[in-house]
Structure formats: structure tokens, C-alpha cells
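Lettering of chains follows the sequences in order, A, B, ..., and the numbering in each one begins at 1.
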Amino acid sequence: MALNKYITEQQATLAERKRPAMIMTHVVCGYPSFEDNWKELEIMQEFGVDLVELQFPFSEPSADGPLFVKANQEAIENGVRVQDCFEFMAKVTKEFSFKVVMMGYFNTIFKTGQRAFLQQLKDAGGHGFIVPDLPIDEAQELHAIAKELDLSPIVLMTPTNTDARLAELAKSADGFVYTVARKGVTGSNTNMNEEVAGFIARCKQFTEVPLAVGFGVSHADDIAFIGQHADIAVIGTAALKAWEQGQETALRQFFTALLK
Amino acid sequence: MALNKYITEQQATLAERKRPAMIMTHVVCGYPSFEDNWKELEIMQEFGVDLVELQFPFSEPSADGPLFVKANQEAIENGVRVQDCFEFMAKVTKEFSFKVVMMGYFNTIFKTGQRAFLQQLKDAGGHGFIVPDLPIDEAQELHAIAKELDLSPIVLMTPTNTDARLAELAKSADGFVYTVARKGVTGSNTNMNEEVAGFIARCKQFTEVPLAVGFGVSHADDIAFIGQHADIAVIGTAALKAWEQGQETALRQFFTALLK
Amino acid sequence: MDLFNFTDGREGYYGEYGGTFLPEILHSTIEQLKTEFRKAKDDPSFWQEFIELMQSYSGRPTPVTHLANLSKKLGGAQIYIKREDLNHTGSHKINNVMGQGLLVKRMGKTRVIAETGAGQHGYATATMAARFGFDSKIYMGAVDVARQRPNVFWMENMGSEVVAVTDGQQTLKDAINECLRDWVTNMDTTHYVLGTACGPHPFPEMVSWFQSIIGREAREQVLAATGQLPNRVFACVGGGSNAIGLFQGFMDDQDTQLIGCEAGGFGPGKGNHAARLAYKDASVGVAQGMKTYFLQNDDGNMLHTHSVAAGLDYIGVNPILVHLWENNRVRFEAVTDEQVTEALKLAMRTEGVIPALESSHGFAQAILEAEQMSKDEVVLINMSGRGDKDIFTIADALGDEHWKTFIRQKAEEYGPE
Amino acid sequence: MDLFNFTDGREGYYGEYGGTFLPEILHSTIEQLKTEFRKAKDDPSFWQEFIELMQSYSGRPTPVTHLANLSKKLGGAQIYIKREDLNHTGSHKINNVMGQGLLVKRMGKTRVIAETGAGQHGYATATMAARFGFDSKIYMGAVDVARQRPNVFWMENMGSEVVAVTDGQQTLKDAINECLRDWVTNMDTTHYVLGTACGPHPFPEMVSWFQSIIGREAREQVLAATGQLPNRVFACVGGGSNAIGLFQGFMDDQDTQLIGCEAGGFGPGKGNHAARLAYKDASVGVAQGMKTYFLQNDDGNMLHTHSVAAGLDYIGVNPILVHLWENNRVRFEAVTDEQVTEALKLAMRTEGVIPALESSHGFAQAILEAEQMSKDEVVLINMSGRGDKDIFTIADALGDEHWKTFIRQKAEEYGPE
Ligand SMILES: Cc1ncc(COP(=O)(O)O)c(C=O)c1O
Ligand SMILES: Cc1ncc(COP(=O)(O)O)c(C=O)c1O
């Protein structure tokens, strides 16, 4: 509910901010380091990003593409623990005005304990969570606790889902829906075309909740396209790639071009 | 018949020659070379050897031990042909007083043609043949031709033969019988003992033909032992070993010690 | 006992283990698979087709062999082995793979992908793909590619593309992740041929079903050979497919003990082994599509594992076996690398059989126990595969110097790159 | 036709071929063997014991597999293969070896010796010796030891002593000579387990008898699968044991053509190949205990032979097959190394089977002929062994660069001696 309210508010300011869509960015906790994460987030804040996913590194990131796989792996090798991620999130939510959702794999939550995990997420100022390997059928308990704690379980809708399944997914949707623009994992470019538009339209038939569009957003054109059809553009791999290429300078250039 | 007569004559001169037994030696044609063979034979003549086996080299000398195997192989590699062996034999029988028998494997005879081979053997002055891989059961044709040409097929008797088999073998025996003192191939030493004596005695029950004792004869004692029980001592590997160690000098020393 | 009667619980769950933990994008793919599998399972002609294929192509039924010499030497129980090593491609993996091949044909897909660790499953899948005319890609950890080149060689020669996975530990679990990544991209044309009774439902059930051919045959064969049921049945447990395959034959024979033999590696202690249940270093988690015991740390990140047998070197375990273990139907034991190589040597010398290093785990535990049993008792070991394809691993495990010399000579013969 | 009815001729002779050409010292040994063999052959319970042993230990009957893809691709006859590759130890050699093992037990001997070229027969003999508890020594040409190290490794691990023979060409024929030398020394305790249907009588008959299990099974199986007899039956011919084993099943089926496939190596020309009958480079001779065709020069000394398949690389050939060839019952053809490796690749890719390089000769000739035949005709190929144990040879034959890199890395890992 808290997240829904925030998104509605941000939505309302888009025209004034000359933005075709809201922006959600992605950071892998502790990769390359928490210091780098902080600098990235400062730039994201500077460019008026609306939402940030903080990914908790996991040893088996099976829904991620190569760049994020490497990020997950190295973060773990650097010794990043779940507790470090929560502490970092608490600092971030205190310092920055964008809202934060946790992104990660279910085992991280399960192993910590579902209630304990969500309580810590709440305490750290997070507003929701995206767990790509947890289908709604297996998520009853987690969603129930989330409801109690006013956290939004971000549901994914995908082009392969049947209408019946989309309807089912819509029942669990809260905060926003993460619509996956194409098959595959994170990382490679998506061709934003009629097919994607059709898929988004199909999702809209089933839910009123705002729609984020993810997987391969990297150009200003993509944002414009998403603005026409949906609500939130998700910038993942593209931003990390920029950071890896030239830290602050490159990331600033990237956002400048993206949001021009 | 020719061979039988020669052996009987030689036998008669043993006492006079102060020899406990007749001596048969062995040379592998063309190994190390025909020149070396000739020098070996000169020494053998010098020491009054009675008989010489000229081995025709074969590529599969499966009844021979390591030293003769190598000799066969190298002779073939040196290009020694069957014709060369016959030519050499002709020179030898012309020059020396000992009698010569051919020793070799059946394929050499078979491939040349049984009649053609024996005719050439006869022409070269040979008196008989020892073919260790030709059992009497497979030798009817060869033996029949030999009879025509007055060549002696030298039969082998062995410690593993039954009495019945010895009787059978005796029927084909001519010239002399080659009694194999022990199991195994040519080369290693035989312990001349009661067992060997018993075996020779057993052979004598079945044949009147003189007995040669082979396989591993290398000392004066062996000759003495053979003299007590049989007629001919066969010197094979031991002489070649001496030649390899020091040519003429070593071979002379060997025979000196052997026949002292 | 019908392990797969879900009417009283949740479909795909065995006690609290199992489930389907997959990205949403695979939802309809897995639903299609469930439906097709259910149809096939309910259709007796499908099983018949499967049996006939396994007979004519893979030489089934595989026999049960009495190891009279070994039994006598140990002085205890009569030891029998189920000869999965005699299958085409040399292990039980082919049972599952050919079964899935038939399903793929039914689903009208044209491409298969598979993970492989030791290479046996990849080898079997490449074989199946060649036989069925499917395109195929095999994912294999780069570390495994390096140590199991012979299997890679055959897979490639049968027309499969082999991809060396360079993520993570570069072993089996990483190959599984990479398969999932391929699958979420190409599910329209592609079936993921999972190699063991793990992963999301319906894989554990499906793989178990195809592998149940082992237990069905074995029960009859042991009865025919000995006039009695085995007192104890041993199988190595990597993912758990050969074990569940054999155990199913004896599930209702309450007097038959079932023993799962895990990779004890260097012995207990995190990172030293791959024993999920026999040692105390694993805990419940959710990964690679299922809920089960994993060798993981407190954050839920997976530990390094070790075993002399690549096929047992895995973080998770068949959820059905966990359930049976909790219900005291299956006992779990672990044997160390050292015990395993000793058992292998003994089997070779006394009986002329070469169990795979994986299968040698079953031998090692059975040898320990048979010695204590009486002469009129019977034990059955699953010889899940043959070791002769693992010559590099076995030569290394045995430290054979002649072998090293041979390899050095061969390298010299090949000359520099 | 009873090939072994000698009442009208000489025992051990097939036409003018065969016989017993051995040193006199082995006379009683070979007589004992003949007697024991005759007794066993006349005793139906012996064959029964043999069959049961082969079932429980080696997985017989081996199936017959329809190669539907390959048949379709060629557009001609329906191709079936007899799966001797699925035997324990991976080839038909085990049939003969286990049979002789039973005879050795009957004769009360305790030690066996064997020659081996490719290593398959030595491997099988080492296995048999381990299983029967015999001492064993395997003679192998030094050249073959160097190129077939994997088989040596397994033989040694099964407890056999492997002796590298350094005489002659240091290959199969020299190993046979060395066996004869051992045998003339140790015949009291020792049986010489000859590996093919060659050598002195009774070996050709005895080996053929044990191998006839292939043809007996195959005839029934092809009939059951196709409702007809095969029009043509193909088998590779090294010494000739797998060929005579299979052919015996069809000897009286006059409409079934029998085709022996020899090693054409680099093609015709002395020294280039090991084809005794298909090419014109061999002639009749007497060696290695028998009278038959040999690749020899005018002096009767044996020629060098060449084949990509070590198991076919032999100077002589089964005298029974020569007789059948002279009587136009068996046709002989030779295929070159190149044709053979192409056939191997095709078999792997279209059907997921890996015939040994030896067996691939049968495939190569059958492929040539099947293409010309009609779709309702049936051909049967003997897949005498599997190729996966010959990875070094096959990788070399196919010139695989990845493999070479792997071997170089492995050598580096092992470090200098
Ligand atoms: C021969 C053999 N046995 C056993 C296993 C372990 O797998 P599972 O536990 O699924 O039978 C493997 C895996 O590669 C294998 O190759
Ligand atoms: C697989 C295989 N096939 C065939 C042969 C040739 O032998 P034979 O002609 O006796 O069957 C061999 C010999 O080693 C072999 O290993």
C-alpha cells in the first residue's frame, strides 16, 4: 500500500519532470563494492530515479544474464552477507528519496526465515521484493506475511502466460507488476516493438496495478516506448555495464543520454 | 640312410677322439652375417664337430628363445633369402667335413614347395631337416619326398609325449632323433639330471636310431652326461652367445672348455 | 506405497520437499510437460513403447550378477549387483534420457538441452538426440569439461554442441543454472532433459518413473536367482535417480532395508564432501527448482562440494529420498574417497567388473555391511555405471604412474600447439 | 551344413585349410584340449552353463537394433545391427573367453595366457581370469602396449600381468608367438586362451562354437523383428571370430549372403593393408599353428600389415572362412581406413551408436551395399564392439584438435617424470 501510494504520486509528477515513464534501476549489493554502490545510487538520485532494486547476491542466480551472474558471484566472494545487504539498505533508504525494493532468489529468504527476512526488510526501509524463482503457487506464506507488514510482493507477468494465468497472477499483484518484455534472462537487448506493446496491453486487461517493463531497456527510445504503453522502465544491465566501463563519468553519460 | 651311415661311423671314432658324445652345433644363416657364419663354422670344424644345423631364418620363430628370435629377425632384416641359405649350404658342405642338416619352420618349406625345397636341400649337400612346428601327423608328404631323396626327417621326442606317441614318432624317425631335454624354448639352461636320463631311457625303448639331446647344453659336464645316456649333444644358444661376446676368441674358448 | 499419489497433499511434494520453483516465464512450459507426462504415465502403451525401445536399443533387461568370489572373501551375505553398466552408453542415465526423448517427440519439440557433471548424462542425452534426430546442446561446467574430455569428445561426435560453463564453481550446479537460462529463452522448441531425480516437479517424479525400470527388473531377478528378497539394497546417491529407480522395486517389501550411499569425500566437515543426509552439514533450502536438503551456508549460498566421483559431486538431493529418509524407509550412509577406491580395486580383482566411481560408493558401503551379515542373507548393489570411460579419473584416483608416462608420451607425439 | 563334421575329411581341416601345426611338446596338451572340448561340446549341460554364465555376467542375449535413420538416409535396405558392443567388456571377445574359462575349470588348470592386439581380447581374458580366479599373463606387442594403454591399465587393475613383446613387428602376431613360447614351457598348469578363430585345431572350431551364440540369437531376433531373414549379413574379419560367430546362424539360409569385411587400410598393395582374401596380396601358408592365407612374401616370411583398426591388423585368417570363400558361401570385401572413419562418423551422428573401428568395417561395406538395395530388403551388421574404449585411436583417426589440447594439458598437469 505504501508503495502503491508512492508510485501514484510519482506518476503524477511525470509531465512536470518531462519524463515519459518512471525509472527503476538495479544495483547488486556489494558489487563491485558497497562504496561503488553508493556512488551509483548518488548518480541515480541525481537523475531522479523513482525506484531502485537492491539485489541480494545468491550463489545460483539462474534467472540472471552473464553480467549479473558475475556480479552475484563476486559479491559473494568479496564476503557480502545477507546482514550487510540489510544494513546497506537501511543507510540507502535513510539517505535517498527513491524507494527501494529487494530483489533476490527465494533461498536467501527461506534460509533466513520468511518472517524474519521480511521484518528486516521492513526495518531497513524496503517497500517490496522481487523474487524471480518464486512462483505465486509457492508464495502464499510469504505473501501473507508481506500483507501483514505492508510490503509489496512484486509479481512478474510474462509473454508466455495464458490469460488464465495472468488473471491468477493479477490477484497477487501489489505495488507494481514487473512485465517481462521477452523470453530469456536479464542482459541482452529487447526490441521494443508491436509484440511487446501487445503483451503489455494483454497484461492491462487483467490488472490495474502500474506496470514496469524490464529486460534490456537501454535507450531513450525504449523509455519513450514504455511511457506510451506502461508506467515504469526498468534499467538493469545497461547501467551496470556503463559503470564497469567508466564509473561515475560513464554512468552519468549513460543516464544523460537515456533521459535526454 | 646316408645320414645314418655317417652317424654310425662317427660314433665308432668317439673313443679314439676322446669324446664322450658326438656334437651338433647350430648356426642361423646370415646372422650376424654369412661371413661370420663361415668363421664360426671354421672353428666348429677345428673342434671336430660332427653335425651342424643351418637354420633358415623365419619371421615367426615361435619355438625359439630370445637370442635365436633376434637372430632370425635380423637375418631377415639384413635381406637373407631362402636362396642365399641354399647357396651358403652348398659352399659349406663342399668345404667342411661335418654333415649339415637344415633347421627351420614349415612355412619356409611349404612356400618354396615341399619337393622343390627338399630337392634344393639335397643339391646343396644337406642330409636332413629339423622342422619344430611340423608334427608327424602333418608331415606325410614331406617325409615321403625325403625318403625318395634319401634325406632324413629328424623327429623330435619330448618329455610330455606318452609312450603311445613315442612309438608313433619312432616310426618316422631317421638319421637321429632330437630329444628335447625339457619344456620350453631354446636358450635357457637345462639341469641334466635323473629326470632327463629317465626321459632318454624312455625314448630308447621305442627307437634304435641315435639320440641327440638338445635345449640348453653348455658345459663339459653336460656332454659327459649325454655321452652316458645318448649319442649326440646339441650346442645351440651357448655357442652363439660366445660369438656375440667375443667372436673367434670367445668361441674358441667356449669349445675348448666344452670339449676339454 | 504410492509415492506419487498426491491426493492427500500438494502435487509435486513429498512431505515438505519438492515443489516447482521456477521463473514465471516457464510456467506454461512446465504445465505442458506435466500434462504430457501425466498422459503418458496413464497410457500403458507408452510404457510398452519405452520398454521396447530400451530392449532393442539399450539391451534391457540388464542382468543381476552374483559376486560369489567377493561374497566368499568377505564371509558374509551373498552379494548381487544390478548391471546398469551394461546399458548402451554405460550407465542407468540412458533409461531416463530415452524416456524423456519419447516425451519430447510427443510434445513435438525439436531441440533438447541438458546439464552434465561427470558427463554420463550428457553422453546419454547426445546419444538420444542423435537417435531421435533432435538438435542438442549440452551444458557442462568448465572444470568438468577439462577433467572429462573423453565424454565431451563423444558428445561432439554424436552431433551435440557442448558448452563449457564458466560461472560459479564451473561444475554441475552451474551447468543446471545455465540450462535454466537456455530454457527460459527457448522453451517453445526446447525440452530440458534433466539428468537426475531433482529439479522442479514433475522432474523428480518423471525421472523416478523412468528409472523404476531398474527396480522392477531387479526384484524379479533377485527372487529368481535366490528365491528370496534381498535383505539390503544399496545405491549411490548423487541427485538420486539410480537409487530411487532401484528402491522403488522394494518399496513395499518392509523387510528389505534400502541404503543410500553418499559421497563422503575427505570425510565430514563443510566443503569436504557431498553428503547431504549422512553427514550433518546440509540443511533445507530452495534452489534449482526444488525444496530439499542443500549443502549451503547460513545465508543460503551453496558450499563447495568434493567427491572423487564427479557424478555425486552435487549440492542437493532428490526430495523423494529426503522424505523416505525422514520416514526411516531409506537409511543414508557416506563413504570416503579412500574407501571407494579400495572397493573399486577389490571389485576389479575379485570379479572382473569395473564399477564407475559413483557406483563404487554403493560397493564400498555394501562391503562394510555384508561382512557383518550371515551367509544366507542377500544384498543387492546397483552398479549404476561402468568405470572404463572414466579412465582419466580412475587412473588419477589410483595414482597410476604408467598411465602418466603414457599421457606424457602421447602429448609429445602430438607436439606443441 | 555342419562345418565341423570331419568324418569325410581330416579332423581340423576345412577343405585344405586348418590343421594343427605345433611343436611336438604340445602334442599331449592339445590332445587333452581336443578331448575336453569334444566332451563339452557333446554335453548339452555345458552349453547350458555357458549360456547362463553369459546371461548373468555379460548381459546376453544382446539385442538387434534397427537403424531406421541410417536406412532412411541411404534410401535402401533396412539396416539392423547385432549389439555385441553391449557385452560386458564391450565386445564379442568375451563370448569366447568365458567359454574357454569354463573349459579351463574342467581341465583343472589354474593359469591362463593370452595374446592381444587391440587389447579387447586381453581385456576380456583379464576379466575372465579375475572372475574365475586364475593367474593370468597377457602378451601384447610393445607397439600395441604403447598405443592401447587404456586396455593395459584395466588388465593390470584386474590383476593380470601384461608383457610387452619386443620381437618382430611388436604387434599381434608376435604376441601369439610369445604365447606359444610360454605355453611350451608351462602347459601343465596353463591354458592358452586364443582370441580368435585361428591357430591350431581345435581352436578355430572351439572359438567358432562359443561365438556361434551370436548367430543363433541374431537369426531369431531378425526374424522376430522383420518377419524375414536378412538378405545380407556383414561382419568385419580380423582373425575371423565375430564373423564366423554370426555367419553360423545363417549357414543353411542359402538366400542370405554372407560378407566378410577386411581391413583395406590405405588400399591394395603389399604392406598397405590387412586384407587376406579381398585383395590379391596374400597366399596360402603355414604359421601360427594353422594352414591358411597369409600376407607373406615369396620366402614365406610375413609382411607388415596396416589398418586403422588394431584388431584387424593381422597376417592370417580363419581357415573356415577361407574354405567358405572358396566355396562361394562367403564373399570377401575390403574397405579402406578412410571409408571406415566416414562410416563411424555417420553411425555416431545418425543413430547414437559408436562401433569400434573394427566393427566400423562392417558398417562401411554395408552402407555401400544397402544404398543399392530395395527398401524391403534387410541387412544385418555385426557391431562386434564399442568404440568408446578406443578413444585415443579414434581421436587420432579423426584428427581431433580439442583432444590433443586436452592431452597436452593433462601431461603438463602430471609434470615431468
Ligand atoms: C554411473 C553413475 N552413477 C550414479 C550417478 C549419480 O546420479 P544419480 O544419483 O542421479 O543416480 C551418476 C551421475 O552422473 C553416474 O554417472
Ligand atoms: C571389436 C572387435 N571386433 C572385431 C575384432 C576382430 O577379431 P575377429 O575377426 O576375431 O572377430 C576385434 C579384435 O580385436 C575386436 O576387438
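Looking at Leu344(D), there are no atoms closer than 4.5 Å to chain C (heavy atoms on both sides), in backbone or side chain. Heavy atoms of Ser58(C) lying under 4.5 Å from chain D belong exclusively to its backbone. Only the side chain of Asn69(C) has a heavy atom closer than 4.5 Å to any heavy atom of chain D. The part of Thr350(D) that comes within reach of chain C is its backbone (N, CA, C, O), which places non-hydrogen atoms under 4.5 angstrom from that chain.
Most heavy-atom pairs under 4.5 Å with chain D: of the set Ile354(C), Leu398(C), Leu70(C), this distinction falls to Ile354(C). With chain D as the partner, the residue from Asp396(C), Val64(C), Val353(C) showing the most heavy-atom pairs under 4.5 Å is Asp396(C). In terms of heavy-atom pairs under 4.5 Å with chain C, the best-connected choice from Gly59(D), Ala146(D), Pro150(D) is Pro150(D). Listed options Gln409(D), Gln55(D), Arg386(D), Arg60(D) were ranked by heavy-atom pairs under 4.5 angstrom with chain C; first place goes to Arg386(D). Between chain D and the options Thr62(C), Thr405(C), Leu67(C), heavy-atom pairs under 4.5 Å are most frequent for Thr405(C). For the set Lys345(D), Glu351(D), Lys389(D), the count of heavy-atom pairs under 4.5 angstrom toward chain C peaks at Glu351(D).
Under the 4.5 Å side-chain criterion, counting only non-hydrogen atoms from C-beta, Phe406(C) is not in contact with Ile407(D). No side-chain heavy atom of His66(C) sits under 4.5 Å from any side-chain heavy atom of Tyr57(D). Residues Trp403(D) and Arg149(C) are in side-chain contact: their nearest non-hydrogen atoms beyond the backbone lie under 4.5 Å apart.
Residue Glu338(C) qualifies as open at atom CD: its count of foreign heavy atoms under 6.0 Å is 12 or below. Atom NZ of Lys73(C) sits in a sparse spot, with 12 or fewer heavy atoms from other residues, nucleotides or ligands closer than 6.0 Å.
Formation of a donor-acceptor pair under 3.5 Å by the Ser56(D) side chain with backbone atoms of Thr65(C) is not found in this model.
Using non-hydrogen atoms only and a strict 4.5 Å limit, the part of residues 126-138 of chain D facing chain C consists of Thr127(D), Ala130(D), Arg131(D). Within residues 80-94 of chain D, the residues having any heavy atom closer than 4.5 Å to a heavy atom of chain C are Arg83(D), Asp85(D), Leu86(D), Asn87(D), His88(D), listed by residue number. Identified by a heavy-atom distance below 4.5 Å to chain C, the contributing residues of residues 410-417 of chain D are Lys410(D), Ala411(D), Glu413(D), Tyr414(D), Gly415(D), Pro416(D), Glu417(D), in residue-number order.
Atom CZ of Phe153(C) is separated from atom CG of Asp400(D) by 5.0 Å, given to the nearest 0.5 angstrom. Expressed to the nearest 0.5 Å, how far CD1 of Ile391(D) lies from CG of Asn151(C) amounts to 8.0 Å.
Nearest approach of Met158(D) to Met348(C), heavy atoms of both residues: CG-O, 3.5 Å.
Under the side-chain contact (heavy atoms from CB on, under 4.5 Å) criterion, Arg349(D) pairs with no residue at all, not counting sequence neighbours.
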